[in-house]
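Below, read A as the first sequence line, B as the second, and so on, with proteins coming before strands; counting in each chain starts at 1. Values in this document were obtained by computation on a predicted structure and should not be read as measured data.
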2 protein chains.
Amino acid sequence: MRDPRTSRPTLETVARLAGVSRATVSRVVNGSTAVTPRVQEAVDRAVEQLGYVPNPAARSLVSRRTDSIALVVPEPATRMFSDDAFFPGILRGIGQELEAADKQLVLLLASTPASHERITRYLRGRTVDGVILASLHGADPFPTELMAMGMPVVTSGRPLGRGAALAPYIDVDHAGGVRAAVEHLLARGRTRVATIAGPQDMIAGIERLAGYRDAIAAAGMRSIVEIGDFTRESGMAAMRRLLDDEPGIDAVFVASDLMADGALRVLRQAGRAVPGDVAVIGFDDAATSRYSEPPLTTVRQPIHEIGRTLAQQVLRLAAGDEVDDALILPTELIVRESA
Amino acid sequence: MRDPRTSRPTLETVARLAGVSRATVSRVVNGSTAVTPRVQEAVDRAVEQLGYVPNPAARSLVSRRTDSIALVVPEPATRMFSDDAFFPGILRGIGQELEAADKQLVLLLASTPASHERITRYLRGRTVDGVILASLHGADPFPTELMAMGMPVVTSGRPLGRGAALAPYIDVDHAGGVRAAVEHLLARGRTRVATIAGPQDMIAGIERLAGYRDAIAAAGMRSIVEIGDFTRESGMAAMRRLLDDEPGIDAVFVASDLMADGALRVLRQAGRAVPGDVAVIGFDDAATSRYSEPPLTTVRQPIHEIGRTLAQQVLRLAAGDEVDDALILPTELIVRESA
DNA sequence: TTGAAAGCGCTAACAC
DNA sequence: GTGTTAGCGCTTTCAA
């Protein structure tokens with residue numbers, strides 16, 4: 001008496017019902033071409049009738065594939081979790097591609113140093129075919145560690161390791177977007193353009209600041225820089241410092257919309273009209289940017305594309321193919337009322 | 001010549017090095033007590049030396065455990081993805097508990113009807129020990145299907161199925177929170193209290209509206225209801241209708257902060273002072289609520305707790321224990337300037 | 001307390 | 001084109 005809850009049909013069961021061997025059933029189930037249509041049909045019928053679903057553990061044990069990909073997210077991921085749309089967007093992009101490839105997504109949240117170790121351990125078990133690393137901070141050892149153990153890895157954003165073997169990465173053209181923003185400001189006649197930059201241990205923070213410096217230098221102007229950490233609060237604090245130290249500024253490029261929203265509030269409190277007195281441009285095209293006061297001119301990055309591309313690349317790597325060391329997706333200036 | 005990338009040490013390898021049998025190594029690795037300290041040490045040393053990590057597929061094949069839990073999220077999950085903090089918050093709560101239990105999280109995004117089927121199929125493969133269902137819409141057949149196949153299931157929010165076997169669920173005290181909000185309004189002398197409700201095919205939408213109706217009825221007042229879908233835009237549209245149809249209102253309870261933010265904008269545009277002319281209370285305590293104009297009085301739900309509790313319950317279920325049919329977590333009124 | 005041995009359900013040579 | 005067979009690495013009786 002088999003309890004359907006605990007004892008599911010196996011290849012053997014299907015084989016008997018279809019009157020063929022296990023191997024043949026396996027071939028049909030795995031879509032091998034070398035099977036007579038008649039037999040194929042018989043097997044399909046038996047599979048259908050029994051509600052057969054392959055046991056992934058057994059399959060994985062012998063095939064050494066797991067058909068799943070891990071996404072590792074450092075939990076205090078300011079960027080991931082502060083921008084309201086970033087994380088869900090990336091996730092949906094990844095999900096879409098993995099679904100198309102019939103792979104599963106294993107989410108690994110790394111909160112503490114202890115979880116870092118736990119994750120490494122888990123990945124050593126080879127329970128996934130590849131790893132996507134998101135939102136790295138500083139010179140995170142993760143990519144190098146994983147590559148050392150032969151694990152296919154792709155990172156979101158250029159890894160900051162120096163010297164170590166770098167994992168292939170996907171990123172957006174931060175600097176290009178910022179240049180477009182600053183040039184827009186300059187073209188409209190702004191002459192004292194400051195920036196509120198992001199944290200300098202994250203590639204997004206670094207590159208956006210670099211883009212600003214480039215554009216300012218190219219215009220023969222002076223850089224005016226305050227650093228925030230991508231949160232609204234830090235944007236407010238930075239804007240206050242800017243107003244104190246450089247009251248003459250007439251424009252500011254802010255490295256994230258959340259910080260820009262904070263900056264907007266401070267400017268309002270300080271009685272500076274935006275964009276009349278001070279023009280403001282943000283980065284991210286976060287939902288909040290459309291509803292700030294005034295609506296924020298910002299730089300949009302193709303979030304969904306980033307997710308899709310990340311997934312495509314790991315899958316390629318996991319399949320043993322070569323991939324580009326770097327893939328840079330374009331950004332786009334979205335002009336609204338604030339500049 | 002073994003390539004360390006492809007051929008990892010097995011129980012056998014460890015056993016030979018430690019001079020014991022595979023069974024003994026297995027016992028040590030799985031923390032069995034019935035092993036001599038001397039032997040235990042020898043095995044631990046061998047494990048350490050070889051960097052042995054058990055092969056989960058092999059383990060799962062025989063033990064029939066997978067040590068992983070699935071989180072199923074319907075992708076057009078308005079609530080999950082519109083409130084900036086909800087999804088990440090739940091995720092962190094779940095992640096924390098699973099980490100403590102050394103389980104993995106498999107994320108299943110259900111975008112289309114096709115993915116619904118794919119997910120069912122996947123879960124039939126018993127690749128996870130339990131399932132958490134998030135943000136169901138309408139009478140979603142998922143919980144019943146999963147329970148029918150003997151899968152441990154817990155849902156976030158009371159399932160809306162009628163008659164069918166209901167999965168145990170975790171939810172917050174929506175109605176209680178709303179009652180507190182409406183009573184706060186009434187206590188401050190408001191006499192025409194309207195509501196902008198959420199979608200009526202989601203439990204959060206339904207219960208929050210029910211709480212409003214209760215409180216209004218208890219006060220012997222008339223319900224004034226507009227329906228939104230939890231997005232800012234729908235909140236704006238609903239507020240406009242309210243202003244048109246019931247210009248005399250002096251307060252409105254809005255079923256989500258995002259909608260409330262929209263309502264605030266419309267009120268501002270209409271020249272109605274908040275809270276002077278119209279008091280506004282939201283729900284969710286979303287990040288945006290602290291920064292709206294004016295800051296929003298709202299109902300806070302313990303998001304992180306929800307996540308943790310969801311995880312705790314599936315784990316319990318997966319371990320074969322009984323769990324409560326329903327767990328309702330408290331909500332709390334957060335008073336800010338808008339009411 | 002420890003070891004030997006029997007599988008878990010599947011894939012992949014290899015033979016026919 | 002199809003079947004036979006040998007494991008994949010592990011847990012778990014059952015004996016000793």
Side-chain angles (χ1 to χ4, degrees), chain A residues 2-44 46-47 50-68 122 124-127 129, chain B residues 2-44 46-47 50-68 122 124-127 129:
Chain A
R2 47 173 48 199
D3 177 356
R5 298 162 98 91
T6 59
S7 129
R8 304 183 298 120
T10 70
L11 266 194
E12 181 64 41
T13 327
V14 178
R16 266 204 307 269
L17 180 58
V20 297
S21 72
R22 290 211 312 269
T24 298
V25 177
S26 176
R27 288 184 189 108
V28 172
V29 169
N30 291 294
S32 162
T33 48
V35 178
T36 311
R38 272 179 45 79
V39 174
Q40 182 155 167
E41 244 172 73
V43 171
D44 283 338
V47 166
L50 294 167
Y52 170 75
V53 178
N55 179 322
R59 174 178 279 175
S60 164
L61 181 55
V62 36
S63 70
R64 278 141 196 311
R65 286 179 297 101
T66 63
D67 293 326
S68 63
Y122 172 75
R124 269 190 198 291
R126 294 246 157 229
T127 321
D129 298 337
Chain B
R2 46 176 45 198
D3 176 356
R5 300 162 96 89
T6 60
S7 129
R8 304 183 298 121
T10 70
L11 267 195
E12 182 64 41
T13 326
V14 179
R16 265 204 307 267
L17 181 57
V20 297
S21 71
R22 290 211 311 271
T24 299
V25 178
S26 175
R27 288 186 190 107
V28 173
V29 168
N30 291 294
S32 164
T33 48
V35 178
T36 309
R38 273 180 46 79
V39 175
Q40 185 156 163
E41 244 173 72
V43 171
D44 283 337
V47 165
L50 293 167
Y52 169 75
V53 178
N55 178 322
R59 173 176 278 177
S60 164
L61 181 57
V62 37
S63 71
R64 279 143 197 311
R65 284 178 300 100
T66 62
D67 293 325
S68 64
Y122 172 75
R124 267 189 199 291
R126 295 246 156 230
T127 320
D129 298 337

Residue whose nearest DNA chain C nucleotide is more 5′ - B:V39 or A:R22: B:V39
side-chain hydrogen bond (donor to acceptor under 3.5 Å, both in side chains) partner of A:R59, chosen from A:D67, A:T66, A:N30: A:N30
Under-3.5 Å donor-acceptor pair between A:R8 side chain and C:dG9 base: no
Rounded distance in Å - CZ (A:R16) to C1' (C:dC10): 15 Å
Atom pair distance, as rounded to whole Å: CZ in A:R65 and C1' in C:dC10: 11 Å
Value in whole Å for how far the C1' atom of D:dC8 lies from CG of A:L11: 15 Å
Gap between atoms CD and C1', on A:E12 and D:dT5 respectively (whole Å): 13 Å
C:dG3 base / B:R27 side chain donor-acceptor hit below 3.5 Å: yes
A:N30 vs C:dT11: side-chain N/O to OP1/OP2 distance below 4.0 Å: yes
Presence of B:S21 side-chain N/O under 4.0 Å of C:dG3 phosphate oxygens OP1/OP2: yes
Side-chain N or O of A:R64 closer than 4.0 Å to phosphate OP1/OP2 of D:dG9: yes
B:V39 and B:R27, any side-chain heavy atoms less than 4.5 Å apart: no
OP1 or OP2 of D:dT12 under 4.0 Å from side-chain N/O of B:S63: no
Heavy-atom side-chain contact between B:Y122 and B:T127 under 4.5 Å: yes
First encountered from the 5' end of DNA chain D, between B:L61 and B:A23: B:L61
Phosphate contact (C:dT1 OP1 or OP2) by B:T36 side-chain N/O below 4.0 Å: no
Length of the line joining A:R59:CZ and C:dT11:C1', which is rounded to integer Å: 9 Å
For atom CG of B:L50 and atom P of D:dG9, their distance in whole Å: 14 Å
Distance in angstrom units between B:D67 CG and D:dC10 P, rounded: 14 Å
B:T24 side-chain N/O to C:dG3 phosphate OP1/OP2 under 4.0 Å: yes
Spacing of A:L11 atom CG and A:R16 atom CZ [to the nearest 0.5 Å]: 11.5 Å
Any side-chain heavy-atom pair of A:N55 and A:T10 under 4.5 Å: no
